[in-house]
Amino acid sequence: MKKLNWKLTGKAKKTVISVSAGAAAAAIAAGLFFGLRGRGEPVGVYPFTMVGMTEFWGDNQESYGPVTTDRIQTVFLSDTQTITEVLVQEGDEVKKGDVLMTYDTTLSELELERKRLDVEKAKLQVKEAQEELARINQLEPMGDTSIQIPTVTPDYGDTITEIYGTDNAVVSGDAFDGSGPEKPMVVWLSKDRPLDNALLKKLYATAVSLQIKNAEKPDSSASAIPEPDGSESQESSEPPETMEPPETTEPPETTVPPESSEPSASQETGDVFDEPEPVDWYEEKMATFLMTAPRSLGIYSRNVADGETFRVRKGNAVNLFFTTNITDAEHKKYVEWRIEAPAEGPLQGMTNGVGNYTLSGIPDTVGVTEYHITAKYEAEGVASLSRSFRFKLSVEEPEEEAEWSNEFYLVLRVTDGDEQYAPKTVWQGIRVTAFDGGSFGFRLYNASVTDPMEPEEDSSFPEMDFGSGMTAAEIAKLRREQEKKIKELAASAKMTESEYNLMEREFSDGSIRATLDGQVVSLLTEEESRQNKMPMMKVSGGGGFYVQGSVSELEKDNLKVGQEVSINDWNTGGMYTGTVESIGDFPTQDEGWNGMGNPNASYYPFRVFIDGSADLQEGSYVSVTYSAAEAENGIYLENPFLRTDEGEPYVYVRGKNGKLEKRAVTTGKSLWGSYTEIRSGLTEDDYVAFPYGKNVKPGAATEESDLSVLYGY
């Protein structure tokens, strides 16, 4: 038996899983029987809906394909287009290349890229769902009764607005300060929130703040933000090559008693020496501290010299780094910094590591401000030292946006439904560049940062192994649901791809041109077109539309040239009738799931024609649905309720008089090894008996029952 490991996370509860139909049959073989056991007692019968299913979507085959046109053109409007001028009227004759109308668009490159990522995500979801179906198809019913296993309830957490009260938030730790592609800020963004200049400015300020906070060393990359013009004039005042205290022959200001050169009494005793008196640890450390104390104090900056002017464009970040000539960590911690003037200014001071200091901010007002900062060294037993440093900050109007100003990195994170732990719909690295004047540009890159919001694995439940843990009926239900999910995901993936293709076409000169010689046969207003989801304009040269689909080799014989098929336009919801025009003789290389059949089978192309009265759009995707020749409105019955007599299938059902009757049925295909198609002899309104037991015979009395009685749970 195949085994399924249950690894549980999240919230859990217990569900009782009942015995399978296979186990019931095994019990029969052991001499047990079901229903009431006394002679003449009624036989339990069960509604067909409990032991079968009335529909299987596989009876109707479905394919997908893009719309192409033949001597016809339809013009639909997207949400980002606004018509500025219509240059033709209904009934006009036009030539290929004529401008039909012009439009404005607000579609951005980032929106297009996000849609492309949605396409990739949708295709991945289809692949994962197919892999899950393959796993389900390997499950076998459990053989034990009353097994209790925990089940999982997904918990995707609160939404971004419930947690932060806003539609965006930086969710990574402080170490991810945006200073490089390996340390990007992770930004959780609502799916409806645009990444505009206002948000980028806010994220830029956050990145600057984090980089200042993380700047622990003088050579830290976060402590030196370049000038936008690339000039090195701001770094002309470097600290000296050595920052050791200057040599001096003068004695320290605070002296230490000199050691006596005369021998002690114990040293005069000859060969026998007494132990030396212990040295006081504090006095020894204090002596070392006093001997290494600084004799002078200097202030150095890698950004600006004492008395000079630091120039910056308005709106650009400033981060000035200051340090002293004190190198010993024990003494550096006694250095205190403060701004003497101005009382208020665009730059704020902050101690940056032991003994270092930064002034930072984003000035937004043009003008000159004189700064006066001091560093003071004051330690017990050492003379106080103090040094001042003056410079001017000149904030100037930005020049043309021709040069880079500064960069930071982020990862854009968008979740399904904006929920905290829901599947990600976007995980995209972006390198943002701030231009002079406050605008921003960006480039995309592949980010590999681990998502900080992924929930940790809950190990409160050990792994459990109960076989599949499900009955045959439950596995069949799971299989049906998964196949339905694949169908829906495949349709969604193609619809997303269609939307992306249409968005790509909007990146043009803002003009819609005729693609053929023909006549304007219909023209709506912009409002009518959007409200009714119809083309604003249709140009016809007497043609129609084509759709290219694919059919599995297993179903190819069920599709005929000239057969009518149903067309569903995903963009507008419109339904049309088409005709199969041709079926290919050689397999296509297109994805197998276009045909929604066996993914291991070969697929053959077929072409459908739809007349020009349809309102379809070139490049959009539609579904093509057709009935399989063998379908004949069949229903499906669980195999344990079907028996054969000399190869002839039959079932036991409740007759019109309430008595049990043996009824021959016509069977069709087997489904998953658990169900058999019943083409005639049984309806969904019938009550079916389990066909084993001493009382199960024609003419026996019947009573409506429940599967819990049959399976003993």
Side-chain angles (χ1 to χ4, degrees), residues 64-109 111-112 114-115 118-119 192 194 491 494-548 566-578 608-624:
Y64 313 102
V67 175
T68 58
T69 59
D70 177 36
R71 302 190 310 280
I72 195 167
Q73 178 183 5
T74 53
V75 179
F76 285 80
L77 301 179
S78 74
D79 295 336
T80 58
Q81 288 176 306
T82 302
I83 298 301
T84 56
E85 186 178 10
V86 178
L87 302 176
V88 295
Q89 296 181 354
E90 187 171 336
D92 285 355
E93 297 288 337
V94 297
K95 296 290 185 181
K96 182 178 180 179
D98 289 350
V99 178
L100 304 177
M101 61 180 71
T102 59
Y103 65 89
D104 285 336
T105 181
T106 59
L107 183 63
S108 71
E109 184 180 350
E111 289 175 304
L112 184 64
R114 289 172 70 170
K115 180 61 70 173
D118 286 345
V119 173
D192 297 325
K494 282 302 180 183
M495 187 169 185
T496 303
E497 185 174 19
S498 172
E499 292 170 351
Y500 173 73
N501 292 335
L502 296 175
M503 288 175 68
E504 259 194 325
R505 291 164 58 180
E506 284 191 32
F507 277 85
S508 65
D509 60 359
S511 298
I512 298 176
R513 302 175 185 274
T515 59
L516 70 153
D517 296 344
Q519 184 182 48
V520 180
V521 296
S522 68
L523 181 63
L524 303 178
T525 65
E526 186 174 347
E527 182 181 358
E528 290 173 332
S529 174
R530 295 187 191 280
Q531 184 174 355
N532 299 314
K533 295 184 178 180
M534 296 177 64
M536 183 173 174
M537 181 184 299
K538 183 183 290 187
V539 178
S540 176
F545 305 91
Y546 288 97
V547 176
Q548 187 82 23
S566 297
I567 306 296
N568 179 18
D569 185 348
W570 297 339
N571 290 327
T572 65
M575 299 292 295
Y576 308 99
T577 299
V608 175
F609 175 77
I610 306 101
D611 66 46
S613 63
D615 291 326
L616 297 173
Q617 183 176 15
E618 183 177 15
S620 65
Y621 266 81
V622 298
S623 64
V624 181

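These numbers come from a predicted model, not from an experiment.
Contact detail for V94 and A514: the closest heavy-atom pair is CG2-CB, 4.1 Å. Smallest separation of non-hydrogen atoms from T74 and P535: CB-CB, 3.9 Å. Considering every non-hydrogen atom in both M101 and V86, the closest pair reads CB-CA, 4.1 Å. Of all non-hydrogen atoms in T572 and F76, the two that sit nearest each other are CG2-CE2, 3.9 Å.
Here salt bridge (Lys or Arg N to Asp or Glu O under 4.0 Å) pairs that include residues 569-578, with residues two or more places apart or in two chains, number zero. Pairs passing the salt bridge (Lys or Arg N to Asp or Glu O under 4.0 Å) check and including a residue from residues 519-545, sequence neighbours excluded, read E526-R530, K538-D615.
Every residue two or more places apart in sequence or in another chain that forms a side chain to side chain contact (heavy atoms under 4.5 Å, CB included) with D70 is listed here: Y546. Applying the side chain to side chain contact (heavy atoms under 4.5 Å, CB included) criterion to T515, with sequence neighbours excluded, gives Q73. V99 is linked by a side chain to side chain contact (heavy atoms under 4.5 Å, CB included) to L87, T102, S511, R513, counting only residues two or more places apart in sequence or in another chain. Taking the side chain to side chain contact (heavy atoms under 4.5 Å, CB included) definition, one finds that R71 meets it with L516, sequence neighbours left out.
Distance alone, capped at 3.5 Å, places no donor-acceptor pair between the T84 side chain and the D104 backbone. At distances below 3.5 Å, not a single donor-acceptor pair connects side-chain atoms of Q519 with backbone N or O atoms of S540. Using modelled atom types, one side-chain atom of S529 and one backbone atom of M534 make a donor-acceptor pair closer than 3.5 Å.
Here the CD atom belonging to Q89 is positioned 10.0 Å from the CE atom belonging to M537, to the nearest 0.5 angstrom. I567 contributes atom CD1, which lies 4.5 Å from atom CD1 of I610 (distance to the nearest 0.5 angstrom).
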Walk me through it: do I83 and M536 pass the test side chain to side chain contact (heavy atoms under 4.5 Å, CB included)? CA-CA 10 Å; I83 298 301; M536 183 173 174; 4.0 Å; yes
Take I512 and Y103 through the side chain to side chain contact (heavy atoms under 4.5 Å, CB included) test and state the conclusion after the steps. CA-CA 8 Å; I512 298 176; Y103 65 89; 3.8 Å; yes
